[in-house]
Amino acid sequence: SADPHRFNSADSRNLAFHIFEPLIMPDLALGTVPWLATQWREAGERDWVFTLRPGIRFHNGKPLTPEDVAFTFCRLDSAGGSMSGLIAGVEKVAARETGMVQITTQGPAPLLPQMLTMIGIVPAPDGWREQYRPGGCANMAAALATLDEARFARGLVPGTGPYRLTAFIAGGPVELERNDNYWGPR
């Protein structure tokens with residue numbers, strides 16, 4: 001699938017992370033390194049605060065915002081699929097001051113940064129300003145309609161990664177185009 005949230009498999013992640021990036025990237029030593037988030041810290045027993053890297057843009061030019069992160073969690077919860085289990089212990093995701101996201105868990109979650117390495121961020125619809133809460137986010141029906149499997153397969157959902165999808169056939173070839181405006185290493 002071209003949808004980064006459809007399947008929790010190595011094949012799906014390998015394709016997805018060329019197009020959609022996580023807040024934190026896994027490193028070769030099984031640790032984590034800053035990616036879309038430049039830093040993160042625990043802010044109490046159940047809260048984490050993430051600072052987004054400034055200047056990141058989706059392939060369509062839209063800037064990455066904290067609302068995109070909250071929306072990604074809402075989409076994972078609402079769309080089902082095997083990836084939704086990754087956020088089972090998350091109680092709330094909310095935008096804070098400019099460029100910051102707060103994630104509240106149901107209990108202590110020392111492995112939250114590792115879990116976040118598997119979730120590619122997708123853009124929120126224009127004007128979307130909701131928080132993530134388990135069991136449903138407001139205004140999701142219209143938002144989910146703009147992010148269906150067919151739109152992902154046709155490359156119509158922009159990511160922040162080094163490539164954009166130009167052609168996809170399930171079980172067949174995939175074509176990617178270099179993102180000349182990519183923020184990261186080339």
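Within the structure, no pair that satisfies the disulfide bond (SG atoms under 2.5 Å apart) test touches residues 147-186, not counting sequence neighbours. Applying the salt bridge (charged side-chain N to carboxylate O under 4.0 Å, His left out) test to every pair with at least one member in residues 69-87, sequence neighbours left out, gives these pairs: D3-R75. Residue pairs meeting the ring-ring contact (aromatic ring centres under 6.0 Å, His included) criterion with at least one member in residues 95-115: none, sequence neighbours excluded. Residue pairs meeting the side-chain hydrogen bond (donor to acceptor under 3.5 Å, both in side chains) criterion with at least one member in residues 15-36, sequence neighbours excluded: E21-W35, E21-T160, E21-Y182, E21-W183. Sequence neighbours left out, not one pair with a member in residues 96-108 passes salt bridge (charged side-chain N to carboxylate O under 4.0 Å, His left out). Sequence neighbours left out, the pairs with a member in residues 142-156 that pass side-chain hydrogen bond (donor to acceptor under 3.5 Å, both in side chains) are S1-E149.
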(message) Assess the residue pair D68 and F58 against the criterion (side-chain contact (heavy atoms from CB on, under 4.5 Å)); give the C-alpha distance rounded to whole Å, side-chain angles, the decisive distance to 0.1 Å, and a yes or no.
(response) CA-CA 10 Å; D68 298 314; F58 288 95; 3.3 Å; yes
(request) Give the C-alpha distance, both sets of side-chain angles, the deciding distance and a yes or no for side-chain contact (heavy atoms from CB on, under 4.5 Å) between F73 and V93. (result) CA-CA 7 Å; F73 278 73; V93 179; 3.7 Å; yes
(request) Show your reasoning for whether side-chain contact (heavy atoms from CB on, under 4.5 Å) applies to I103 and D47. (result) CA-CA 6 Å; I103 298 178; D47 292 307; over 6 Å; no
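Between the SG atom of C74 and the CE atom of M140 there is a distance of 5.5 Å, given to the nearest 0.5 Å.
Heavy-atom contacts from other residues, nucleotides or ligands closer than 6.0 Å to CZ of R53 number more than 12.
Looking at V49 and V101, their side chains never come closer than 4.5 Å, going by heavy atoms from C-beta outward. P34 has its side chain out of reach of I24: every pair of non-hydrogen atoms, C-beta onward, lies at least 4.5 Å apart. Looking only at side-chain heavy atoms (C-beta outward), L52 and T65 stay at 4.5 Å or farther from each other. Contact annotation: the side chain of N60 never approaches that of R57 to less than 4.5 Å [non-hydrogen atoms, C-beta and beyond].
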In residues 164-178, what donor-acceptor pairs under 3.5 Å come from side-chain atoms, sequence neighbours left out?
from	atom 1	to	atom 2	distance (Å)
T166	OG1	E175	O	3.1
R178	NE	D180	OD1	2.8
R178	NH2	D180	OD1	3.0

Please list every donor-acceptor pair under 3.5 Å in which a side-chain atom of residues 112-138 meets a protein atom from a residue at least two apart or in another chain.
from	atom 1	to	atom 2	distance (Å)
T117	OG1	Q114	O	2.6
E130	OE2	N139	ND2	2.9

Listed pairs under 3.5 Å, donor-acceptor, residues 39-46 side chains, sequence neighbours left out:
from	atom 1	to	atom 2	distance (Å)
R46	NH1	E91	OE1	3.3
R46	NH1	E91	OE2	3.2
R46	NH1	T105	O	2.9

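If you look at F20 and F152, their ring centroids are closer than 6.0 Å.
Chaining together hydrophobic side chains whose heavy atoms lie under 4.5 Å apart leaves F7 on its own.
H59 is linked by a ring pair (Phe, Tyr, Trp, His ring centres under 6.0 Å) to nothing, counting only residues two or more places apart in sequence or in another chain. Legend: residues meeting ring pair (Phe, Tyr, Trp, His ring centres under 6.0 Å) with W48, ordered by chain and number and at least two apart, are absent.
Cluster annotation: I87 and L147 are assigned to distinct hydrophobic clusters (Ile/Leu/Val/Met/Phe/Trp/Tyr, side-chain heavy-atom contacts under 4.5 Å, transitive).
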